[in-house]
Amino acid sequence: MSEERSLNFLEEIIEEDIRNGKNDGRVHTRFPPEPNGYLHIGHAKSICLNFGLAQKYNGQTNLRFDDTNPEKEETEYVESIKEDVKWLGFEWQNELYASDYFSQLYDFAVMLIRKGKAYVDDSTPDQIAEQKGTPTEPGTPSPWRDRSVEENLLLFAEMRDGKYQDGEKVLRAKIDLASPNMHMRDPIMYRIRHAHHHRTGDAWCIYPMYDFAHGQSDSIEKITHSVCTLEFIPHRALYDWFIEELEIFPSRQYEFARLNMTYTVMSKRRLLQLVNEGFVNGWDDPRMPTISALRRRGYTSASIRDFCDRIGVAKRENIIDVSLLEFCVREDLNKTAWRRMAVLDPLKLVITNYPEDQEEIFVGENNPEAEDGEGSREIPFSRELWIEREDFMENPTKKYFRLGPGLMVRLKHAYIIKCDDFVKNEQGDITEVHCSYIPESKSGNDTSAIKVKGTIHWVSTRHAAQVEVRLYDRLFKVEDPGAEGRDFREYVNPESLQVIPSAYIEPDLASAVPGKGYQFIRKGYFTLDKESAPGQLVFNRTVTLKDTWAKEVKKG
RNA sequence: AGUCUUGUAGUGUAAUGGUACCACGUCAGAUUCUGGCUCUGAAAAUCUAGGUUCGAACCCUAGCAAGACUACCA
């Protein structure tokens with residue numbers, strides 16, 4: 001009945017907690033992006049994980065913007081993040097901001113000062129770094145470490161009231177300067193920044209650090225399972241310390257390995273560089289691994305969710321082959337995309353025994369993968385057609401199943417034709433192929449008894465519309481452009497974008513709908529780009545079809 | 001250097017002391033009015049060395065390797 005699917009380590013923890021009645025069996029997660037950039041496929045993993053866990057255990061998920069650094073955060077990013085999460089198919093319980101808690105956080109800080117667990121430090125950043133010591137040597141106390149509670153209270157209030165310049169003072173937790181965990185060596189809780197915040201405006205000039213905001217925000221929201229990535233492991237001790245000292249709801253932090261993918265980079269810093277230095281045309285350039293770029297390129301949200309499901313969740317570092325993502329989108333689009341014909345690299349084909357003024361209308365089903373075919377469209381046929389240049393070979397090799405002198409193929413949805421002749425220009429380029437058709441071989445009504453190995457797609461020249469097509473390839477030439485010791489920018493693939501200014505499409509495609517995936521038969525999956533205008537359509541190639549012939553050719 | 005985390009086919013990911021599972025990828029074949037889809041099959045893995053045990057991917061010890069941390073970023 002119930003297919004027993006093994007649990008990932010987080011599901012095991014949660015089920016154990018539920019068994020033990022922890023938090024009354026309640027599961028509440030959160031997705032906590034900092035609004036300082038666009039979401040990428042790595043965030044999608046985290047989103048699917050956090051929302052998925054809550055869904056599975058009848059819990060809830062908050063969307064919380066971790067906006068404690070006014071200098072980097074902007075409303076533009078908040079909006080794009082919300083759009084992406086929604087598009088991925090998830091609904092958050094509450095839309096919250098760490099900045100909503102600034103006042104509460106301030107009170108928490110005062111509590112710690114009163115307990116003698118925090119102090120105002122006048123040291124400079126360099127001095128504080130110096131005081132930290134090294135992993136093998138303990139740190140040294142700041143000269144301001146033993147100020148009285150009263151003095152600390154006064155100074156902290158003055159910090160809040162704007163009496164000091166940026167960087168003049170900080171509030172530090174008083175923990176353990178000899179801890180092997182560097183994060184416990186009197187970490188900074190608050191810094192002074194006279195900066196405008198995207199939500200609180202100029203109400204504050206002191207801002208809490210991540211460590212003094214994140215865990216407390218979780219706690220305030222009664223988050224039960226706070227899931228983050230591996231690099232926060234050393235922060236967990238501090239996370240727990242603040243919760244314990246403050247005696248607030250004990251949220252717990254768990255860490256998993258972030259997603260890495262071949263032939264791309266994933267850090268916001270590098271993504272920002274690609275945009276700023278012009279390697280791509282913006283955050284949603286279809287070559288980017290951002291959610292908005294994948295969407296624009298034609299990836300479906302279902303395929304991304306499926307991908308996140310397949311890659312699993314664990315604690316070991318990983319680098320997922322991008323071909324898995326491509327598999328997921330092909331699998332989804334194969335089931336849903338409507339089939340259409342388009343010729344990307346046109347070569348003229350003349351059917352010499354087909355009357356000049358004759359036309360026929362053939363009918364092609366929209367989706368052969370659906371039982372009912374999802375309806376059909378009409379495809380006009382005439383004496384002159386565009387076919388793909390690669391579908392004709394002057395001296396065909398033995399396993400070539402397409403056109404060549406004397407060879408026969410079927411024109412998809414139409415007739416079987418035989419190649420009688422071809423025309424070359426002075427440069428030796430083939431400019432025209434001449435064929436004759438077999439009238440009895442009409443699609444759906446074939447009495448010719450002729451068997452052909454190949455079927456090719458085509459578009460009637462008289463009825464074709466012209467469009468621009470953009471073919472995308474991997475953004476980088478190497479599997480791991482971000483590896484240690486290399487400048488990823490040197491590995492950008494110069495052929496990652498190939499623009500075809502005029503490809504030919506069958507008439508029905510002229511009314512293509514934005515956001516819908518189409519399969520250009522034998523060529524791949526495509527979708528309308530946002531830069532399309534009426535009569536000036538632009539199609540993005542989402543992904544090619546699997547191409548075993550190309551592999552054959554490569555092998556020689 | 002110290003602390004922490006992690007080592008299973010090419011890439012991911014299961015097996016929780018008892019036949020090393022599955023997927024992607026790769027290779028071979030069948031089918032096909034898409035060289036797609038679908039179907040069949042194949043090759044391919046427990047970091048190393050000891051120990052405990054009838055039996056170890058799993059437990060213990062010691063190595064080795066990779067990654068993280070030493071920001072007034074998150």
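Throughout, protein chains are lettered first and strands after them, A, B, ... in sequence-line order, and every chain is numbered starting at 1.
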### Query
To the nearest angstrom, how far is A/L325 atom CG from B/G12 atom P?
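My rounded result for the distance is 15 Å.
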Taking 4.0 Å as the cut-off, does a side-chain nitrogen or oxygen of [X] come that near to OP1 or OP2 on [N]?
X	N	answer
A/R191	B/C73	yes
A/R330	B/C37	no
A/K132	B/A71	no
A/T68	B/C73	no

Taking 4.0 angstrom as the limit, do [X] and [Y] come out as a salt bridge?
X	Y	answer
A/R30	A/E221	no
A/R64	A/D218	yes
A/D166	A/R191	no

### Task
Look at the side chain of A/F232 and decide which nucleotide, out of B/G36, B/A74, B/G35, has an atom nearest to it.
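Among the listed nucleotides, the one closest to the side chain of A/F232 is B/A74.
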#### Entry: Within residues 31-44 of chain A, residues whose heavy atoms come under 4.0 Å of RNA chain B
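Here the set is A/E34.
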### Message
Could you tell me how far B/C59 sits from B/G18 if I compare only their P atoms? Round to whole Å.
### Response
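Their P atoms lie roughly 12 Å apart.
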### Query
Any donor-acceptor pair under 3.5 Å between the side chain of A/H235 and the base of B/A74?
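Indeed there is one.
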#### Entry: Complementary nucleotide of B/G41, counting Watson-Crick and G-U pairs under 3.5 Å
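Paired with B/C27.
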### Message
Main chain of A/F392, side chain of A/Y400: is a donor-acceptor contact present, judged purely on distance under 3.5 Å?
### Response
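Yes; at least one donor-acceptor contact below 3.5 Å.
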